[in-house]
Each structure stands twice: as structure tokens, then as C-alpha cells.
Amino acid sequence: MHPAIATVISECFYDGTLETPKEREAEFHSKHPPFTIMDKRLPSSPIVFIDLPYVQREGRAGEQRPTYHNPAELQAVLSVLGMLKASPTKPEEPSTLAVLSPYNEQVERLGRAIEDAVQGKLANIVDFKPGTNAPDFQSTVDSFQGSEADVVVVSLVRNNDHVGRRALGILRDRRRMNVLLSRAKRKLVIVGSMEFLRVQGRRYRRHSTDNRSVPAFLAKMSEVFDQLAKETLPDGKTPKFKVVPAASLMMDAKS
């Protein structure tokens with residue numbers, strides 16, 4: 001995976017013990033990615049967080065039940081997909097794309113929306129192939145374990161005003177979150193509420209990341225994101241991590 005993505009995985013789940021070999025890092029920085037970003041509103045950073053308002057600020061961005069899904073995140077995911085185009089670097093190596101979520105209902109709704117739009121508004125993604133061993137673009141985190149894709153778009157779903165276990169649900173699961181964040185080879189786009197994650201992460205800041213019974217990795221994740229936002233790729237201008245308000249993706253593109 002891209003060194004910036006590897007940093008998140010290493011620091012959050014492996015106590016910083018994972019390292020990207022220098023030659024592999026140089027390869028990532030010297031080769032063109034197997035995709036093109038067609039809209040400048042989607043940054044070229046290897047990790048992009050599409051940020052929806054915390055539900056306490058704006059209720060419309062929250063999750064819905066009884067089977068967990070998030071319509072606002074679904075629309076944001078579709079906007080991101082509309083800004084991508086496959087650009088294989090080798091004919092024998094097709095560009096790959098995956099859309100992941102920890103919740104079945106969200107995955108099913110994403111699948112229907114993508115299928116409905118792939119011959120119209122999302123015709124730009126037809127040259128992408130699903131990730132390795134995946135039959136479709138959309139997958140649950142469990143079904144995608146062991147697979148990978150050049151571009152991975154993740155819909156976290158959870159955004160509420162609860163506390164503790166009720167607030168995070170599956171997002172408490174260290175293993176599942178590791179899988180969600182580590183499947184992207186070149187670009188990871190996370191759709192969720194940054195403030196919600198920060199609020200929840202602060203509740204576990206004093207816990208050891210070695211304690212697998214609590215999601216201490218959430219607090220660490222925010223710290224790593226903040227650090228990567230201050231760092232740039234070798235071009236000296238592209239941040240390794242970038243937050244984009246979801247509302248900016250919904251606006252008509254400016255000429």
C-alpha cells in the first residue's frame with residue numbers, strides 16, 4: 001500500500017512497527033497512479049477524508065435505523081466515484097476500485113445506486129474492475145478481507161449522539177477497522193464525520209492501544225491524520241492527508 005496509508009495502519013494497529021522499504025516508497029512516488037482524478041475538488045492526496053457534519057451539529061448527516069445505513073454518506077460516495085476514471089499503467093493490469101462499508105444495509109444501497117448510475121452519471125467508472133476476488137465494486141468489510149484495490153472508498157455510516165458501545169457499533173472492532181483502512185493500494189477515501197470520530201476517540205485516549213477490548217486506536221488515528229496533514233509528498237505541495245467538506249462535493253463544479 002502507499003506509504004502514507006501504511007503509516008496509518010502501522011501507528012494505529014501495530015504500534016509503529018510496520019515500515020515501507022525505501023525502494024518501494026520511491027516506486028510509489030515515481031510512478032503514475034492507475035487512475036485519474038477528473039475534478040479538482042477531490043484532492044490527489046493518498047488519503048482523503050470526506051467530512052460530513054457531526055449529527056449534533058446537523059441531524060441530516062446522521063445514521064438511520066433499524067438496519068444501519070447513512071443516506072448522506074451514500075450521496076457523498078457517489079460524488080467521489082463521479083470524479084474518478086481508470087487509467088491503467090499496463091494493459092494486463094486493470095485499474096481496480098472498491099467501495100466498502102461495515103454495514104450490510106449500506107453496502108446493498110450503495111450497490112443499487114452504483115448499478116442504477118453506471119450507465120449514466122457514473123459511466124466514468126466502467127473501465128475500473130472490482131478489487132481482487134470481489135464480484136462487484138461494493139463489499140462489506142468481512143467479505144473483502146484478503147482483497148485489495150487501487151482505490152478504496154469507505155463509508156463508515158456511524159454518526160450519532162450516543163456514547164460508548166452504542167455510539168460506535170462495529171467501528172469499535174479493531175480487526176474490522178484494520179481491514180477497512182488497509183485495503184487500498186494507492187488511494188483511500190474515507191466518508192464519515194471527523195468530529196464524531198474525534199469525540200469518540202477522546203473517550204479512549206487514556207487507554208492503551210494494546211488493549212483490544214476498547215477502541216483506543218480511534219484516538220491514535222486522529223493524531224496520525226493530523227500529523228500526515230502537515231506532511232507533503234515529494235512534490236512539496238500535496239498533503240499526505242486532506243479533509244474535504246462533503247458539501248463542497250455536492251456543489252456544481254465551477255468553471
- Query: Does a side chain donor of either N159 or E63 reach within less than 3.5 Å of an acceptor in the other side chain?
  - Reply: no

- Query: So, S10 side chain and L18 main chain: donor-acceptor pair closer than 3.5 Å or not?
  - Reply: yes

- Message: I want to check something: taking the side chain as every heavy atom from C-beta on, are F35 and K85 in contact at a cut-off of under 4.5 Å?
- Response: no

- Show the numbers, then the answer: is there a side chain to side chain donor-acceptor pair (under 3.5 Å) between S155 and Q106? CA-CA 8 Å; S155 173; Q106 187 76 347; 3.0 Å; yes

- Is R183 positioned over the aromatic face of F144, cation under 6.0 angstrom from the ring centre and no more than 45 degrees off axis? no

- Do L171 and D173 have side-chain heavy atoms sitting under 4.5 Å apart? no

- Query: Which atom pair, heavy atoms only, marks the closest approach of L180 to L188?
  - Reply: O-CD1, 4.3 Å

- Please check if any side-chain donor atom of Q227 sits under 3.5 Å from a side-chain acceptor atom of E231, or the reverse. yes

- Say you draw a straight line from CZ of F137 to CG of L100; how long is it, rounded to the nearest 0.5 Å? 12.5 Å

- Query: Side-chain heavy atoms under 4.5 angstrom apart, residues restricted to Ile, Leu, Val, Met, Phe, Trp, Tyr: same cluster for V157 and M221?
  - Reply: no

- Message: Evaluate L122 against N124 for side chain to side chain contact (heavy atoms under 4.5 Å, CB included), listing each step before the verdict.
- Response: CA-CA 5 Å; L122 292 184; N124 54 287; 4.2 Å; yes

- Does the side chain of R174 reach to within under 4.5 Å of the side chain of F13, using non-hydrogen atoms? yes

- Query: Does any donor atom in the side chain of S143 or T140 lie under 3.5 Å from an acceptor atom in the other side chain?
  - Reply: yes

- Just wondering, do R172 and I170 contact through their side chains at under 4.5 Å, heavy atoms? no

- Go through the steps to decide whether Y103 and N70 satisfy the test side chain to side chain donor-acceptor pair (under 3.5 Å), and finish with yes or no. CA-CA 10 Å; Y103 289 95; N70 192 313; over 6 Å; no

- Between the side chains of T36 and S87, does any donor sit under 3.5 Å from an acceptor? yes

- Task: Report yes if the side chains of H2 and K185 come closer than 4.5 Å at any heavy-atom pair, otherwise no.
- Result: no

- Message: What I'd like to find out is whether the side chain of I50 reaches to under 4.5 Å of the side chain of E73, using heavy atoms alone.
- Response: no

- Message: Looking at every non-hydrogen atom in both residues, tell me the closest pair between A219 and G201 and how far apart they are.
- Response: CB-O, 3.3 Å

- side chain to side chain donor-acceptor pair (under 3.5 Å) filter on K31, not counting sequence neighbours, yields E27

- Minimum heavy-atom separation for P135 to P130, with atom names? O-CG, 3.9 Å

- Message: Is there a side chain to side chain donor-acceptor pair (under 3.5 Å) between E25 and T20? Walk through the geometry before answering.
- Response: CA-CA 6 Å; E25 185 172 352; T20 303; 5.8 Å; no

- In sequence, state the C-alpha distance, the side-chain angles, and the governing distance for Y68 and Q64, and then conclude on side chain to side chain contact (heavy atoms under 4.5 Å, CB included). CA-CA 6 Å; Y68 286 106; Q64 294 188 14; over 6 Å; no

- Just wondering, do L218 and L168 contact through their side chains at under 4.5 Å, heavy atoms? yes

- Query: At their closest point, which heavy atom of H162 faces which heavy atom of A167, and how far apart are they?
  - Reply: O-CB, 3.4 Å

- Check the pair N104, T67 against side chain to side chain contact (heavy atoms under 4.5 Å, CB included), reporting the backbone distance first and the verdict last. CA-CA 8 Å; N104 289 326; T67 50; over 6 Å; no

- Message: Testing the basics here: between I125 and L84, what is the closest heavy-atom pair and its distance to 0.1 Å?
- Response: CG2-O, 4.1 Å

- Item | Worked verdict on L156 versus L197 for side chain to side chain contact (heavy atoms under 4.5 Å, CB included) | CA-CA 10 Å; L156 296 178; L197 294 180; 3.8 Å; yes

- Which pair of non-hydrogen atoms, one from K187 and one from P43, has the smallest distance, and what is that distance? NZ-O, 2.7 Å

- Would F49 end up clustered with V199 when hydrophobic side chains under 4.5 Å apart are linked, directly or stepwise? yes

- Item | Polar side chain donor-acceptor pair, Q145 to R175, under 3.5 angstrom | yes

- Message: Taking V189 as the starting point, is it possible to reach L97 by hopping between hydrophobic residues whose side chains are less than 4.5 Å apart?
- Response: yes

- Are F241 and L181 co-members of a hydrophobic cluster defined by side-chain heavy atoms under 4.5 Å apart? yes

- Query: With a 4.5 Å limit on heavy-atom distance, are the side chains of P239 and L228 in contact?
  - Reply: no

- Yes or no on salt bridge (charged side-chain N to carboxylate O under 4.0 Å, His left out) for D39 and R41, after CA distance, side-chain angles and deciding distance? CA-CA 5 Å; D39 192 310; R41 291 174 296 173; 2.7 Å; yes

- Item | Cluster overlap F28 with I5, hydrophobic side-chain contacts below 4.5 Å | no

- Under 3.5 Å, is there a donor-acceptor pair between the side chain of S79 and the main chain of Q75? yes

- Task: Applying side chain to side chain donor-acceptor pair (under 3.5 Å), run through D150 and T96 and close with a yes or a no.
- Result: CA-CA 5 Å; D150 295 311; T96 52; 3.1 Å; yes

- Query: When you check the gap from the basic side-chain N to the acidic O, do D226 and R198 get nearer than 4.0 Å?
  - Reply: yes

